[in-house]
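Down below is the structure, laid out as structure tokens.
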Amino acid sequence: MKKLLIPIFIFAVFVLGCGVYHDNQMKKRQEVDQLIQDAHQSLKLVESNPNNTVLDPFETADPHSSELSQVKYKKF
């Protein structure tokens with residue numbers, strides 16, 4: 001009986017640990033996704049401001065493209 005309980009207990013601890021790890025990773029992903037969504041909303045708000053002079057000479061890249069950090073220059 002004891003020989004059976006020890007492996008079952010070890011397996012249960014392993015399964016619970018995997019569940020906690022997966023839950024933690026999902027929470028981190030949700031936080032990052034929320035942060036990115038907030039950043040996009042803030043960027044849209046800044047870009048829609050008619051008094052904005054900081055981004056006037058620049059055009060930002062499409063947020064759905066693979067190169068998020070790329071800045072494109074407007075032609076004069």
Side-chain angles (χ1 to χ4, degrees):
M1 180 70 175
K2 289 182 183 180
K3 290 182 181 181
L4 185 62
L5 284 177
I6 292 173
I8 290 174
F9 181 72
I10 292 172
F11 180 73
V13 169
F14 177 75
V15 169
L16 288 173
C18 288
V20 169
Y21 175 77
H22 180 68
D23 186 49
N24 190 21
Q25 293 297 330
M26 291 300 293
K27 286 181 182 179
K28 285 181 183 180
R29 180 174 288 246
Q30 287 175 349
E31 289 176 5
V32 169
D33 289 343
Q34 182 65 37
L35 182 65
I36 291 172
Q37 184 179 9
D38 291 344
H40 282 296
Q41 289 175 353
S42 297
L43 181 63
K44 286 180 183 178
L45 181 66
V46 168
E47 287 178 341
S48 68
N49 184 356
N51 298 324
N52 181 16
T53 58
V54 175
L55 293 178
D56 279 346
F58 301 105
E59 179 182 302
T60 57
D62 181 19
H64 300 292
S65 70
S66 61
E67 301 175 15
L68 292 176
S69 63
Q70 180 180 359
V71 176
K72 299 177 182 176
Y73 293 96
K74 287 185 180 178
K75 293 183 179 179
F76 292 102

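Just so we're clear, the structure is a prediction, and the values are computed from it rather than from any experiment. Residues take their numbers from the sequence shown, with the count starting at 1.
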Check residues 10-39 and write down every donor-acceptor pair under 3.5 Å in which the side-chain atom is one partner and the other belongs to a residue at least two apart or another chain.
from	atom 1	to	atom 2	distance (Å)
Gln34	NE2	Asp38	OD1	3.0

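For residues 3-18, no residue pair satisfies the salt bridge (Lys or Arg N to Asp or Glu O under 4.0 Å) rule, not counting sequence neighbours. Applying the salt bridge (Lys or Arg N to Asp or Glu O under 4.0 Å) definition to pairs two or more places apart or across chains, none involves residues 8-18.
Applying the under-4.5 Å side-chain rule to Ile, Leu, Val, Met, Phe, Trp and Tyr, the cluster around Leu45 consists of that residue alone.
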